[in-house]
Visitor: 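Here's a structure for you.
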Number of protein chains: 2
Amino acid sequence: MTRVLVVDDEPQIVRALVINLRARTYEVDAAHDGATALRLAAARHPDVVVLDLGLPDMDGVDVIRGLRGWTRVPILVLSARHSSDEKVQALDAGADDYVTKPFGMDELLARLRAAVRRAEPAHGGEDDVVVDTGEFTVDLAAKKVNRAGRDVRLTPTEWHLLEVLVRNGGRLVGQKQLLQEVWGPSYGTETNYLRVYMAQLRRKLEADPSHPKHFITEPGMGYRFEK
Amino acid sequence: MTRVLVVDDEPQIVRALVINLRARTYEVDAAHDGATALRLAAARHPDVVVLDLGLPDMDGVDVIRGLRGWTRVPILVLSARHSSDEKVQALDAGADDYVTKPFGMDELLARLRAAVRRAEPAHGGEDDVVVDTGEFTVDLAAKKVNRAGRDVRLTPTEWHLLEVLVRNGGRLVGQKQLLQEVWGPSYGTETNYLRVYMAQLRRKLEADPSHPKHFITEPGMGYRFEK
DNA sequence: CGGGCGCGTCAGGGTTCCGTCAAGGACGGC
DNA sequence: GCCGTCCTTGACGGAACCCTGACGCGCCCG
């Protein structure tokens with residue numbers, strides 16, 4: 001859920017923004033002056049701030065500076081002033097975008113999405129998903145398998161098979177599904193491939209490969225990965 | 001030094017931008033059509049792109065998509081179209097800002113500064129910038145590699161490859177991803193490039209290049225940098 | 001009790017993939 | 001215009017990997 005802080009002293013603008021943002025499932029806080037805005041920003045940690053420069057209690061640029069003192073949250077400035085100087089001042093103070101009133105709601109929302117998007121951490125936020133069995137660990141993001149403190153080397157096919165099984169952890173995966181996901185959609189009956197590669201996975205990862213505890217065979221059906 | 005890629009088919013606009021940017025000590029490349037823009041972006045890796053939507057050879061939005069396929073470089077769109085739809089389309093395709101012609105040079109430069117500023121890495125993780133393997137150190141910020149007290153000289157391509165690997169330290173990086181990040185999005189199968197440049201990196205950085213400890217090959221999949 | 005079926009194991013051969021070297025071409029500096 | 005640096009490209013030996021067939025074993029069923 002994305003949280004937005006709207007700062008404007010004109011009630012009808014705040015209302016219009018709040019309605020439109022809530023309708024798009026944003027979480028919205030609103031402030032009518034600069035002091036409240038700074039306090040709310042600190043308390044609620046919004047993902048983006050929409051800030052009107054014309055506030056009753058302080059200069060809008062000072063609000064920007066107040067925020068930039070401790071956060072890099074995207075700031076989208078809203079202003080009735082069209083002068084170039086005003087824009088330059090706000091942007092150089094740390095604003096991310098500057099929209100002049102009257103503004104189109106579609107455009108504002110698009111600029112808001114752009115601001116939020118680029119604030120997201122790089123690389124799609126792929127958390128290091130690590131599965132731990134006690135005997136070995138599988139790091140799906142790094143494509144790494146560790147056993148007894150040593151990295152285990154897997155071939156592409158071995159890794160691919162392991163990945164499908166681990167992602168379906170606990171569930172039974174049919175042999176046809178395994179074959180198609182690892183070898184391609186035109187495969188489905190070559191169960192000997194599975195036997196060979198399951199054996200290699202077990203040899204590399206199981207403490208006792210002939211009595212597997214994690215790579216379970218379900219005769220006639222498929223295989224299952226268990227922690 | 002900040003590098004800017006200017007994309008516009010109107011020579012006078014390009015000239016005005018180039019002059020103004022160079023006067024402010026930016027490094028500037030210019031392209032007059034989309035294909036050239038994508039090629040230059042891949043070759044020169046600009047820190048920000050100024051893109052006119054009205055290009056002779058392809059839709060500007062497709063240029064944005066072409067860039068976003070492999071890079072998060074800030075894109076500042078320049079357009080004669082004022083319609084809300086156009087803006088929304090460009091922004092949602094991945095643009096960072098949208099300025100309508102005619103534009104004030106002061107404002108454009110301020111928006112450019114804002115785009116470059118927020119693309120900078122956050123201040124705080126300073127110690128993450130230098131990676132130490134024991135045999136050599138890589139300073140990502142200073143773009144320097146030091147080995148046995150001496151700076152190692154890397155070619156641009158060597159450095160770029162090293163950078164991608166180090167930033168993904170420990171993680172396996174697929175050959176396709178490496179090729180696209182270093183050579184550009186239109187590459188993906190030229191694995192011989194990787195073989196040549198990995199060999200050069202190893203020759204310059206590994207104690208025993210034929211038995212690499214830090215630049216690990218994962219046959220059939222990609223490469224991995226290990227401390 | 002014997003045969004069939006499914007599974008696990010092993011080793012060899014063909015193919016793909018990788019490391020290495022060297023030559024040719026593009027580019028920029030002097 | 002020459003020279004050095006860098007990038008591209010091709011070729012080749014060797015290593016890694018994938019496929020394949022053969023065999024043994026346990027289980028179920030006839």
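Proteins get letters first, then strands, A, B, ... in listed order; numbering begins at 1 in each.
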Visitor: On DNA chain D, which is the earliest and which the latest nucleotide, 5' to 3', with an atom closer than 4.0 Å to a heavy atom of chain A?
Guide: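 On DNA chain D, the outermost contacted nucleotides are D/dC17 to D/dT20.
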Visitor: Name each donor-acceptor pair under 3.5 Å that joins a side chain in residues 80-89 of chain B to protein atoms two or more places apart or in another chain, with its distance.
Guide:
{"residue": "B/Arg81", "atom": "NH1", "partner": "B/Glu86", "partner atom": "OE2", "Å": "2.5"}
{"residue": "B/His82", "atom": "NE2", "partner": "B/Lys101", "partner atom": "O", "Å": "3.2"}
{"residue": "B/Ser83", "atom": "OG", "partner": "B/Asp85", "partner atom": "N", "Å": "3.4"}
{"residue": "B/Ser83", "atom": "OG", "partner": "B/Glu86", "partner atom": "N", "Å": "3.2"}
{"residue": "B/Lys87", "atom": "NZ", "partner": "A/Glu107", "partner atom": "OE1", "Å": "3.0"}
{"residue": "B/Lys87", "atom": "NZ", "partner": "A/Glu107", "partner atom": "OE2", "Å": "3.4"}

Visitor: Which nucleotide of DNA chain C is the first, and which the last, in the 5' to 3' direction, to come under 4.0 Å of a heavy atom belonging to chain A?
Guide: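 The contacted stretch runs from C/dG6 to C/dC10.
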Visitor: Going by the side-chain hydrogen bond (donor to acceptor under 3.5 Å, both in side chains) test, which pairs reach into residues 12-21 of chain B, not counting sequence neighbours?
Guide: B/Asn20-B/Arg24
Visitor: Mind checking what makes salt bridge (Lys or Arg N to Asp or Glu O under 4.0 Å) contact with A/Arg113, not counting sequence neighbours?
Guide: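 A/Arg113 satisfies salt bridge (Lys or Arg N to Asp or Glu O under 4.0 Å) with B/Asp92 once adjacent residues are dropped.
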Visitor: For a quick test of your reading: what N or O donor-acceptor pairs under 3.5 Å do the side chains of residues 55-68 of chain B make, sequence neighbours left out?
Guide:
{"residue": "B/Asp57", "atom": "OD1", "partner": "B/Gly34", "partner atom": "N", "Å": "2.8"}
{"residue": "B/Asp57", "atom": "OD2", "partner": "B/Gly34", "partner atom": "N", "Å": "3.3"}
{"residue": "B/Asp57", "atom": "OD2", "partner": "B/Ala35", "partner atom": "N", "Å": "3.0"}
{"residue": "B/Asp59", "atom": "OD1", "partner": "B/Val61", "partner atom": "N", "Å": "3.3"}
{"residue": "B/Asp62", "atom": "OD1", "partner": "B/Arg65", "partner atom": "NH1", "Å": "3.0"}
{"residue": "B/Arg68", "atom": "NE", "partner": "B/Gly94", "partner atom": "O", "Å": "3.0"}
{"residue": "B/Arg68", "atom": "NH1", "partner": "B/Thr71", "partner atom": "O", "Å": "3.1"}
{"residue": "B/Arg68", "atom": "NH1", "partner": "B/Val73", "partner atom": "O", "Å": "2.9"}
{"residue": "B/Arg68", "atom": "NH2", "partner": "B/Val73", "partner atom": "O", "Å": "2.9"}
{"residue": "B/Arg68", "atom": "NH2", "partner": "B/Gly94", "partner atom": "O", "Å": "3.0"}
{"residue": "B/Arg68", "atom": "NH2", "partner": "B/Asp96", "partner atom": "OD1", "Å": "2.9"}

Visitor: With a 4.0 Å heavy-atom cut-off, tell me which residues in residues 187-210 of chain A come close to DNA chain D, sorted by residue number.
Guide: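 Within this stretch, A/Tyr193, A/Val196, A/Tyr197 sit under 4.0 Å of the strand.
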Visitor: Considering only heavy atoms, which members of residues 160-167 of chain B lie under 4.0 Å from some atom of DNA chain C?
Guide: none
Visitor: Could I get the full list of side chain to side chain contact (heavy atoms under 4.5 Å, CB included) partners for A/Glu135, not counting sequence neighbours?
Guide: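 Side chain to side chain contact (heavy atoms under 4.5 Å, CB included) check on A/Glu135 returns A/Thr133, A/Glu206, A/Ala207, A/Lys213, A/His214.
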Visitor: Let's see if you get this right: which residues in residues 30-37 of chain B place a heavy atom under 4.0 Å from DNA chain D?
Guide: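 DNA chain D contact set from residues 30-37 of chain B: none.
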Visitor: For a quick test of your reading: what N or O donor-acceptor pairs under 3.5 Å do the side chains of residues 150-165 of chain A make, sequence neighbours left out?
Guide:
{"residue": "A/Asp151", "atom": "OD1", "partner": "A/Asn146", "partner atom": "ND2", "Å": "3.0"}
{"residue": "A/Arg153", "atom": "NH2", "partner": "B/Thr217", "partner atom": "O", "Å": "2.7"}
{"residue": "A/Thr155", "atom": "OG1", "partner": "A/Glu158", "partner atom": "N", "Å": "3.3"}
{"residue": "A/Glu158", "atom": "OE1", "partner": "A/Thr155", "partner atom": "N", "Å": "3.0"}
{"residue": "A/Glu158", "atom": "OE1", "partner": "A/Lys204", "partner atom": "NZ", "Å": "2.7"}
{"residue": "A/Glu158", "atom": "OE2", "partner": "A/Lys204", "partner atom": "NZ", "Å": "3.3"}
{"residue": "A/Trp159", "atom": "NE1", "partner": "A/Glu163", "partner atom": "OE1", "Å": "3.4"}
{"residue": "A/His160", "atom": "NE2", "partner": "A/Glu181", "partner atom": "O", "Å": "3.4"}
{"residue": "A/Glu163", "atom": "OE2", "partner": "A/Arg167", "partner atom": "NH2", "Å": "2.8"}

Visitor: Could you identify which residues of residues 212-227 of chain B place a heavy atom less than 4.0 Å from some atom of DNA chain D, listed by residue number, or say none?
Guide: B/Pro219
